[in-house]
Engineer: 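Supplied in structure tokens, the structure appears directly below.
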There are 2 protein chains.
Amino acid sequence: MGDPLRVLPAGTSRPDLKEPEPRRALRGRAADCYHPRPGEHQEAGIKGMRVKRPTSFDIAELAGVSQSTVSRALRNDAMVSEDTRQRVAQAARLLNYKVDVNARNLRSQKTNTLALLLYEDPVTSQSLINPFFLSMLSSITKASARRGYDLLISFQQSSDDWSADYAASKRADGLIFLGYGDYLRYVDKISRLDEVSTAFVTWGPVVPGQPGHFIGSDNVHGAREGVRHLIARGRRRIAFLGDISEHCPEFRDRYRGYVEALGEAGLPVIEALYADAAASEEVGHQAILDLIDREGPIDAVFGACDLLAIGAMNGLRERSLRVPEDVAVVGFDDIVAAPFTSPPLTTLRQDTAAAGELLVENLLRLIEGRPIETTQIATSLVVRGSCGGL
Amino acid sequence: MGDPLRVLPAGTSRPDLKEPEPRRALRGRAADCYHPRPGEHQEAGIKGMRVKRPTSFDIAELAGVSQSTVSRALRNDAMVSEDTRQRVAQAARLLNYKVDVNARNLRSQKTNTLALLLYEDPVTSQSLINPFFLSMLSSITKASARRGYDLLISFQQSSDDWSADYAASKRADGLIFLGYGDYLRYVDKISRLDEVSTAFVTWGPVVPGQPGHFIGSDNVHGAREGVRHLIARGRRRIAFLGDISEHCPEFRDRYRGYVEALGEAGLPVIEALYADAAASEEVGHQAILDLIDREGPIDAVFGACDLLAIGAMNGLRERSLRVPEDVAVVGFDDIVAAPFTSPPLTTLRQDTAAAGELLVENLLRLIEGRPIETTQIATSLVVRGSCGGL
DNA sequence: AACACTTCTGAAACCAGTTTCAATGCATAT
DNA sequence: ATATGCATTGAAACTGGTTTCAGAAGTGTT
């Protein structure tokens with residue numbers, strides 16, 4: 001088969017250019033100094049001898065078309081004949097051509113990149129070691145990759161190093177906020193994003209008045225299911241562990257679910273069985289000790305997160321109370337450690353795969369101006385040993 | 001105080017430009033259609049009415065200098081007077097100017113971005129839920145942020161979706177590879193990176209012949225320390241759990257440490273006390289059962305990773321063997337679950353903070369052509385309950 | 001006073017693509 | 001045969017910075 005790349009289409013080699021054409025001439029020179037062959041990268045390692053990357057002009061020359069046609073062909077623009085597209089594709093493959101995303105982004109005013117801002121809890125610094133975020137991360141990465149988007153990631157430590165600049169400096173088309181518990185401290189900055197019309201989504205509880213951007217698990221429903229499960233197994237004095245101040249809107253929702261489940265069953269909500277506790281093992285440990293010493297026997301604990309539930313189990317063991325015989329325990333999150341505790345922890349799994357998918361989906365909807373439909377993710381009860389059998 | 005921005009320096013308003021100057025004229029127009037005032041973002045939300053971002057030309061006009069001077073001033077280029085720098089900075093602040101990184105990258109041929117490629121173990125898919133990687137991720141992010149680099153992240157699932165294109169398409173200046181256990185399957189592709197002179201570093205065991213790029217914990221030393229600790233507590237029949245085939249070079253190194261510690265103490269290496277096991281709780285569980293049933297009593301287990309050690313503890317409990325009284329257990333990694341097992345797991349902590357720092361540091365050294373010095377990170381023994389007291 | 005040497009600045013080239021616009025060729029409608 | 005329409009294509013404008021180059025202003029030397 002003859003080389004189709006050498007067959008120049010009629011009308012291409014027009015000889016009627018007489019004037020110097022300074023701009024074009026300079027651009028064209030790039031092509032002249034590039035002599036690539038597949039597999040001849042030997043000099044690449046030699047310092048300062050780096051071979052020049054091929055540009056779309058090189059592809060154009062090789063394929064016998066104009067540079068703009070190369071651009072169209074490689075983007076599968078509609079207005080290119082199948083024959084041309086093939087020739088360009090082959091030339092690009094031959095020279096091992098890769099678009100320069102900076103040039104592309106500059107002109108098209110699009111980056112095809114999302115930025116993920118991960119906020120640490122400045123108090124506990126727990127969010128970073130919370131495996132929950134690794135699976136969120138994984139699913140977000142995959143969801144954006146599947147849609148052809150790159151993902152920039154940034155761990156935010158204080159509210160000072162604010163990274164809305166990711167959008168302002170055209171590094172990313174949209175932002176994803178992720179954080180555990182108290183993220184309201186940066187919401188004031190988030191609201192400013194609306195003013196500069198920067199697309200963003202946030203993981204966490206739905207904030208009233210801005211439903212579209214805020215995506216989270218159905219915490220109320222999940223907690224209700226967990227507490228129902230305890231009640232169905234005959235537990236009556238069920239303690240709730242978790243900070244329900246405005247710092248932890250998610251925990252507050254889970255407390256609502258707890259209250260609702262009790263109400264359904266006609267059980268009283270005993271104020272004294274609530275223990276304020278930040279999300280960490282140590283805090284949960286101490287909180288349950290205080291609660292038992294103060295209020296006497298309980299027969300179950302609902303932890304607003306797994307770390308609290310695990311801390312509670314350790315505290316119970318310290319008071320020689322057996323889990324689940326004496327006290328049943330249910331957590332929330334289903335972190336990796338959950339199946340490894342003894343007994344294994346019954347908990348409400350947050351569907352991180354669906355969550356990541358929804359965050360990205362909704363962010364792209366915002367970017368493209370399409371309407372948002374779903375904003376909540378269902379949780380599922382994972383029954384293990386700590387709640388007293390199936 | 002008068003507005004310094006209006007004081008044009010002499011010689012700036014030169015009136016001797018008569019010719020049309022097509023290029024400049026078009027560029028200048030951008031400045032004319034932008035009328036910003038701090039806090040007047042009202043129209044920003046209205047569709048299609050988006051206010052045009054300020055460019056460096058706008059800053060130049062406001063500051064009464066040329067656009068190239070603006071560029072220099074904002075980058076703290078040496079060749080700008082303090083007075084000019086101040087004026088430019090003030091103008092930029094006033095218009096809330098942010099550089100367009102795409103334009104910057106395009107011209108400077110630098111992205112100020114690193115790409116992190118996280119590989120899943122296709123067999124166990126464990127690496128994603130392994131909290132070890134979250135802390136690696138966190139430290140890598142922080143290390144690159146500290147140096148002014150953005151971080152692109154990508155979870156690689158199969159060896160097919162190869163992302164050297166991150167560098168080829170000028171998205172990133174360098175690559176960081178992260179993966180658990182068997183990553184040799186993509187090393188053939190990694191070696192190709194050298195050919196195209198793409199800077200990269202890899203987390204894992206040092207691969208002979210390419211010392212500079214490969215960074216990892218001192219696995220031999222760490223394992224030796226752990227096994228020494230067991231020996232010092234009187235243990236003699238110490239099992240080793242872990243796959244030491246070429247698929248897991250790290251485990252292989254840890255096995256070497258195990259053998260060395262035994263040798264130092266004059267203990268024989270009993271072939272039968274080695275159990276091949278991939279990195280997961282289930283596999284460790286089964287492996288220890290088989291080993292006990294086959295070889296009879298042991299008094300200690302060294303797990304090549306924490307998940308294996310945890311699995312082993314569960315298996316031992318199933319055979320009614322007490323940890324640490326009957327069998328002492330030591331793991332490797334120090335994952336978050338480690339302190340929550342019962343008894344809490346003694347293990348070798350990998351210093352992820354130092355590791356992330358070193359990966360980024362070395363990658364930048366490669367990018368800038370500076371020599372690399374360190375390639376190994378020390379581990380530290382974390383003594384908890386599972387090894388039989390301090 | 002003439003000269004060299006910095007230090008600072010502006011004009012224009014440059015990076016490598018996308019997008020606009022006008023032109024071409026060809027098929028179909030009149 | 002001519003007008004109309006459409007699919008393709010190329011030339012040139014355009015994106016918003018950085019970098020080169022040359023010139024101006026100011027200082028020090030002889």
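Here is how names work: the chains are called A, B, and so on, in the same order as the sequence lines, proteins then strands, and each is numbered from 1.
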Engineer: Hey, does A/L366 have a side-chain heavy atom less than 4.5 Å from the side chain of A/H213?
Structural biologist: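 Answer yes - side chains close enough.
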Engineer: Can you list, in residue-number order, the parts of residues 74-84 of chain B that come under 4.0 Å of DNA chain D, counting heavy atoms only?
Structural biologist: B/R75
Engineer: Which residues pass the side-chain contact (heavy atoms from CB on, under 4.5 Å) test with B/R107, sequence neighbours left out?
Structural biologist: none
Engineer: The side chain of B/S66 is closest to which nucleotide in this list: C/dT19, C/dG10, C/dA12?
Structural biologist: C/dG10
Engineer: So which protein N/O to nucleotides 21-27 of chain C N/O distances come out below 3.5 Å?
Structural biologist:
none

Engineer: What nucleotide, of C/dA16, C/dG17, D/dG16, holds the atom closest to the side chain of B/T55?
Structural biologist: D/dG16
Engineer: Looking at C/dC15, D/dA12, D/dG16, which one has an atom nearest to any side-chain atom of A/Q67?
Structural biologist: D/dA12
Engineer: Starting the side chain at C-beta, find the nucleotide from C/dG10, D/dG17, C/dA16 nearest to B/A103.
Structural biologist: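 The answer is D/dG17, which lies nearest to the side chain.
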Engineer: Hey, what do you get for OG (B/S68) to CE (B/M79), rounding to the nearest 0.5 Å?
Structural biologist: 14.0 Å
Engineer: Identify which one of A/V360, A/I215, A/L117 satisfies the side-chain contact (heavy atoms from CB on, under 4.5 Å) criterion when paired with A/I176.
Structural biologist: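 For A/I176, the side-chain contact (heavy atoms from CB on, under 4.5 Å) check succeeds only for A/V360.
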Engineer: Any donor-acceptor pair under 3.5 Å between the side chain of A/R107 and the base of D/dT15?
Structural biologist: no
Engineer: Identify which nucleotide among D/dG17, D/dT9, C/dT18 has an atom closest to any side-chain atom of B/D100, counting heavy atoms from C-beta outward.
Structural biologist: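 Among D/dG17, D/dT9, C/dT18, the one nearest the side chain of B/D100 is D/dG17.
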